[in-house]
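A short write-up of the structure that comes next.
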Amino acid sequence: MIWNEHYECMERESLLELQGTRLKEMVERVYFSVPFYRARLQEKGIEPGDIRSIDDLKILPFTTKQDLRDNYPFSLFAKPQQDIVRLHASSGTTGKSTVVGYTHNDIMMWSEVVARSLAMIGATRDDIIQVAYGYGLFTGGLGLHYGAEKIGASVIPISGGNTKKQLQLMEDFGSTLIACTPSYAAFLGEALIEEKIDPRKIKLRAGIFGAEPWSEEMRSQIEKLLRIKAYDIYGLSEIIGPGVSMECPCQKGMHIFEDHFIPEIINPDTCEVLPYGELGELVFTPATKEAMPLIRYRTRDLTRLHAEKCDCGRTLVRMEKCVGRSDDMLIIRGVNVFPSQVESVLLEMSETKPHYLLVVDRQNNLDILEIQVEVDEQFFSDEVRELEDLRRRIRANIAGILGLHAEIRLVEPGTIERSMGKAQRVVDKRKLH
Ligand code: DLL
């Protein structure tokens, strides 16, 4: 089913025209309401009147995650606080998370794109959707929730974790769809077998999985374990949350809802715009956002775009599965983690040195993070009890900053390999791509 045929199957010509109009309006809006953007545009000698069509997108400046941090919390908002009805944030560096705001219309638009995503895989009001993405500051839970309600499905807002309860409700309530991270889906699949639940009692038919990279092998594993079709959904909080793009049953990439989110692929080093089909960094301009419209936001996600019409009838461009990132961000159990966050914790403690290694692995489909930390010479000879106490303190500080539990392994000074160039801070043993 196509939720909004008018926009999803538009002739490319008309779509580009629509994007141009929306872009023009947006640039004017931010110029007059966001001092940061007015200064940026003036620096480049751009006036709102200079934007006449979508072709002018390329003259506009980029926005980065650092710009969001520098404007923490609300300085990029284009609307007064009275018009903001929702705030979300992604876990961030030392107290400075990335904050995003929504007006009522933004929430309506978000619900619509998630409704379109769900309809894309045949979801209707006959479905019972178990939303096992986290509810809270993370956009996964509430994003899927509003979209599922919009199509009239019955929503089970169970949030993440609590595996036994997930399985019990799945069986008792007869959930037909499940939305969660792919790693949690695989974990649930294994738990189902461990709990010896009769698969015939489970009515699940499909899953909406995203928020982290996952491979085709992972897809087959989930499909086999849960006996469902597994679909990929992509999004990021800065742009809206989940529902920026979604896979249709043809599974030839994820359709980007281009009437709202204008995509580009750039060379991450030169920022040059690349043609369809080439691998590069994905950039979005969410042209219809009211509370926090961003100009050419650099996602850091690496992928390719394809513009040929899809067999499903949609003309919206398709993005391939992300093949990685152009920065060092890791996604561990759905939490965005930068090695620099770990470093900031260690630098604040006198007993440790800023030499560390993050080892990420996956056991039973759950991510585990071990952080190896070098202890200062002076403290290493201390009693075991004190070392144990230090380990606990690092663990607590890391959990406070990352919102994630990590195993801390204290190592002797000089053990972690020094690099002559870029330090190797991460060993990722998961096979994500
Ligand atoms: O992860 C929003 C979301 C929730 C998407 C639920 C899908 C489902 P953030 O926490 O801001 O937002 O993280 C955004 O996660 O830049 C990608 O690197 C990664 N990501 C999201 N979806 C996918 C996906 C949400 N399907 C960051 N495949 C993005 C690969 C993904 N990576």
Side-chain angles (χ1 to χ4, degrees), residues 63-65 68-69 87-92 97-102 110 113-114 117-118 120-121 129-148 159-160 177-185 207-216 218-219 222 230-247 251 253-257 261 263 268 281-284 286 292 294 297-304 318-338 367 402-404 428 430-433:
T63 308
T64 62
K65 209 176 186 84
L68 266 71
R69 290 191 188 122
L87 293 161
H88 280 284
S90 63
S91 69
S97 45
T98 317
V99 180
V100 292
Y102 303 76
W110 188 12
V113 289
V114 175
S117 306
L118 293 170
M120 208 178 265
I121 60 155
I129 307 189
Q130 188 158 336
V131 180
Y133 283 116
Y135 279 65
L137 287 177
F138 175 56
T139 52
L142 284 165
L144 264 294
H145 185 107
Y146 275 59
S159 195
L177 297 172
I178 183 155
C180 62
T181 59
S183 48
Y184 194 54
I208 302 104
F209 306 127
E212 62 184 14
W214 53 309
S215 58
E216 287 302 327
M218 183 84 165
R219 193 203 297 270
I222 295 171
Y231 293 100
D232 203 352
I233 186 167
Y234 169 89
L236 60 163
S237 27
E238 293 89 328
I239 301 307
I240 196 78
V244 170
S245 65
M246 172 82 191
E247 214 169 40
Q251 295 191 311
M254 294 173 271
H255 288 285
I256 296 174
F257 297 113
F261 318 118
E281 180 181 330
L282 187 57
V283 170
F284 281 113
M292 208 176 92
L294 299 177
Y297 183 72
R298 293 188 58 174
T299 65
R300 297 288 176 183
D301 291 317
L302 300 174
T303 185
R304 292 186 182 83
R318 285 161 287 123
M319 60 180 267
E320 289 182 11
K321 262 187 179 305
C322 302
V323 298
R325 292 186 53 92
S326 66
D327 64 6
D328 56 359
M329 188 179 94
L330 294 159
I331 303 179
I332 303 173
R333 266 175 267 149
V335 179
N336 301 347
V337 174
F338 288 94
D367 296 335
L402 302 185
L404 188 79
D428 199 336
R430 302 170 297 178
K431 291 191 180 62
L432 300 179
H433 306 293

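Whatever order the structure lists ligands and atoms in, that order sets their numbers, starting from 1. Here the structure is a predicted model, which means the values were calculated and not measured.
From the protein, the heavy atom lying nearest to atom 31 (C) of ligand 1 is E212 N, 3.7 Å. For atom 8 (C) of ligand 1, the closest non-hydrogen atom on the protein side is Y133 OH, 3.4 Å. In terms of protein heavy-atom proximity, atom 11 (O) of ligand 1 is closest to S237 OG, 2.6 Å. Scanning the protein for heavy atoms near atom 13 (O) of ligand 1, the closest one is N336 ND2, 3.4 Å. With respect to atom 25 (C) of ligand 1, the closest heavy atom belonging to the protein is G235 O, 3.5 Å. Closest to atom 16 (O) of ligand 1 among all protein heavy atoms lies D301 OD2, 2.7 Å.
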Without placing hydrogens or testing angles, list every side-chain donor-acceptor pair under 3.5 Å for residues 230-237, not counting sequence neighbours.
unit_1, atom_1, unit_2, atom_2, d
D232, OD1, W214, NE1, 2.9
D232, OD2, K321, NZ, 2.8
Y234, OH, D301, OD2, 2.7

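The ligand atoms of ligand 1 that sit less than 4.0 angstrom from a heavy atom of I233 are 7 (C), 8 (C), 22 (N), 24 (C), 26 (N). Of all the atoms in ligand 1, the ones that sit under 4.0 Å from a non-hydrogen atom of I331 are 15 (O), 18 (O), 19 (C). Here is the list of ligand 1 atoms found below 4.0 Å of a heavy atom in D232: 24 (C), 26 (N). The contact set between ligand 1 and G140, taken as ligand atoms under 4.0 Å from a residue heavy atom, comprises 4 (C), 6 (C).
If you take CD on Q130 and CD1 on I178, they are separated by 4.5 Å, rounding to the nearest 0.5 Å. In this structure, CZ on R304 lies 12.5 Å from CE on M319, to the nearest 0.5 angstrom.
Taking the six-membered ring for Trp, Y146 and W110 have ring centres at least 6.0 Å apart.
A donor atom on one side chain and an acceptor atom on the other are found under 3.5 Å apart for S326 and E281.
The environment of F261 atom CZ is dense: over 12 non-hydrogen atoms of other residues, nucleotides or ligands sit within 6.0 angstrom.
Across all their heavy atoms, C322 and T303 have their closest contact at CA-CB, 4.3 Å.
Using a 4.0 Å cut-off between heavy atoms, T181 makes no contact with ligand 1 at all. Contacts between R325 and ligand 1 below 4.0 angstrom, taking non-hydrogen atoms only, involve the side chain exclusively. When non-hydrogen atoms are compared, ligand 1 lies under 4.0 Å from neither the backbone nor the side chain of T98.
Pairs engaging residues 132-141 under the side-chain hydrogen bond (donor to acceptor under 3.5 Å, both in side chains) rule: Y135-H145 [sequence neighbours left out].
Between E247 and R219 there is a salt bridge, since a side-chain N of the basic residue sits under 4.0 Å from a carboxylate O of the acidic one.
Inclusion of A211 in the set of residues having an N or O under 3.5 Å from an N or O of ligand 1 is warranted. No N or O atom of S90 sits closer than 3.5 Å to an N or O atom of ligand 1.
For the pair R69 and F338, the cation sits on the ring face: its NZ or CZ lies under 6.0 Å from the ring centre, inside 45° of the axis.
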